[in-house]
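Note: hydrogens, waters and symmetry copies are ignored here, and every other heavy atom, side chains too, is used. The chain is numbered in sequence order, starting from 1. Counting starts at 1 for both ligands and their atoms, in listed order.
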Amino acid sequence: MEFDFNVNPLLADIITKLDNRLMPSRNGQGRNGALQLRQQLYEVLDKMGEASARAQGLRGAITSGRKMELSDHKLYIMKDPEGSSGRGAVIGFLKTGKKKLFVYDYNGHHHEMEPLCVLDFYVHESRQRMGCGKRLFEYMLKCENVVPCHLAIDRPSIKFSSFLRKHYNLKKQIPQTNNFVVYDGFLDQPDAGRRRNGNRAYTSYPFNGSER
Ligand code: ACO
């Protein structure tokens, strides 16, 4: 995605990790310069968030500058520094965060967990199926020190499900009653030890799985 400003001073690396401080990688000159860079970073996140929502057929964006600022989510954003005649183009992003979830095992027991979740993932249409998504995903796995089967995925699209199957052989899902999809192996992580209820699960048990 192209912008009418240079994105290179905002994003330090090919893939940059952002948190709720939303700091542009370079300081602008003076107070106004710093403010301008911050506004530009907000615009990048707002536009990319809207594009992701459109691509997923969602009514509203689940990623924006403001939403990032108010959360403890992490956002990995990828750029092409040479794009847009040297002003840099934004290729895509991947957003993660921890959520408290009740996760069912194959026996219907539920486990109270706070796993790392993939909350939003988007690669610009002009760059899809070129390996950019894989590069972003791999970078996130390394930074978060997590293996793919230990992630909970918030409503994966058909393209994302295909991506997980192709690159990480994630096929077999453990049925859940919330919006999150988890795959075989998910409950092998240490956090899964905290089983909440030894009995078979009640399908009406409350869960925290509807907000992204
Ligand atoms: N149709 C089906 N599968 C696709 C498609 C597509 N149009 N595009 C990518 N994939 C899957 C396939 O498995 C593909 O392998 P193949 O080309 O051999 O079939 C594989 O992804 C390609 O891998 P990458 O090139 O590394 O992935 P890409 O850069 O395309 O990024 C992503 C994948 C992020 C899912 C991208 O396709 C995208 O932005 N899609 C639209 C938005 C979306 O659906 N995001 C996920 C929402 S769910 C969530 O965020 C929790």
What do you reckon, does Ala55 have a nitrogen or oxygen under 3.5 Å from a nitrogen or oxygen of ligand 1?
no

Within 4.0 Å of some non-hydrogen atom of Gly131, the atoms of ligand 1 are 24 (P), 25 (O), 26 (O)

Tyr122 heavy atoms within 4.0 Å reach ligand 1 at atoms 39 (O)

By ring pair (Phe, Tyr, Trp, His ring centres under 6.0 Å), Tyr42 pairs with (sequence neighbours left out) none

- Message: Taking CG in Asp188 as the centre, count heavy atoms belonging to other residues, nucleotides or ligands within less than 6.0 Å. Is the count above 12?
- Response: yes

Worksheet entry | N or O pair under 3.5 Å between Val123 and ligand 1 | yes

Short version for Lys166: what comes under 4.0 Å of ligand 1, heavy atoms counted, is side chain

Checklist entry - Do any nitrogen or oxygen atoms of Gly133 come within less than 3.5 Å of a nitrogen or oxygen of ligand 1? => result yes

| task | Give a yes/no verdict on a cation-pi contact between Lys142 and Tyr76, requiring under 6.0 Å between NZ or CZ and the six-membered ring centre and an angle within 45° of the axis. | result | no

Practice item. Answer yes when Arg127 and Asp80 have at least one side-chain N-carboxylate O distance shorter than 4.0 Å, and no when they do not. Key: yes

Checklist entry - Is Lys134 reaching over with its side chain to a backbone N or O of His167, donor-acceptor style, under 3.5 angstrom? => result no

Report task. Establish, yes or no, whether a centroid distance under 6.0 Å links the rings of Phe121 and Phe163. Result -> yes

Quiz item: Does Ile153 reach ligand 1 with a nitrogen or oxygen that is under 3.5 Å from one of the ligand's nitrogen or oxygen atoms?
Solution: no

**Request:** Mind running salt bridge (Lys or Arg N to Asp or Glu O under 4.0 Å) on Lys47 and Glu50 for me, showing each step along the way?
**Result:** CA-CA 5 Å; Lys47 294 266 165 64; Glu50 285 161 17; over 6 Å; no

Logged contact type for His167 with ligand 1, heavy-atom cut-off 4.0 Å, is side chain

Ile14 meets the side-chain contact (heavy atoms from CB on, under 4.5 Å) criterion, sequence neighbours left out, with Met78, Pro81, Arg135

The option among Met130, Lys134, Arg129, Arg155 carrying the non-hydrogen atom nearest to atom 1 (N) of ligand 1 is Arg129

At under 4.0 Å between heavy atoms, what of Gln56 touches ligand 1? The answer is side chain

Note: ligand 1 atoms sitting under 4.0 Å from heavy atoms of Asp154 are 49 (C), 51 (C)

Exercise. Looking only at atom types and distance, does a side-chain atom of Gln176 sit under 3.5 Å from a main-chain N or O of Ile174, one as donor and one as acceptor?
Worked result: yes

Counting both backbone and side chain atoms, is some N or O of Ser162 under 3.5 Å from an N or O of ligand 1? yes

If we number the atoms of ligand 1 from 1 as shown, the ones under 4.0 Å from a heavy atom of Asp120 are 50 (O)

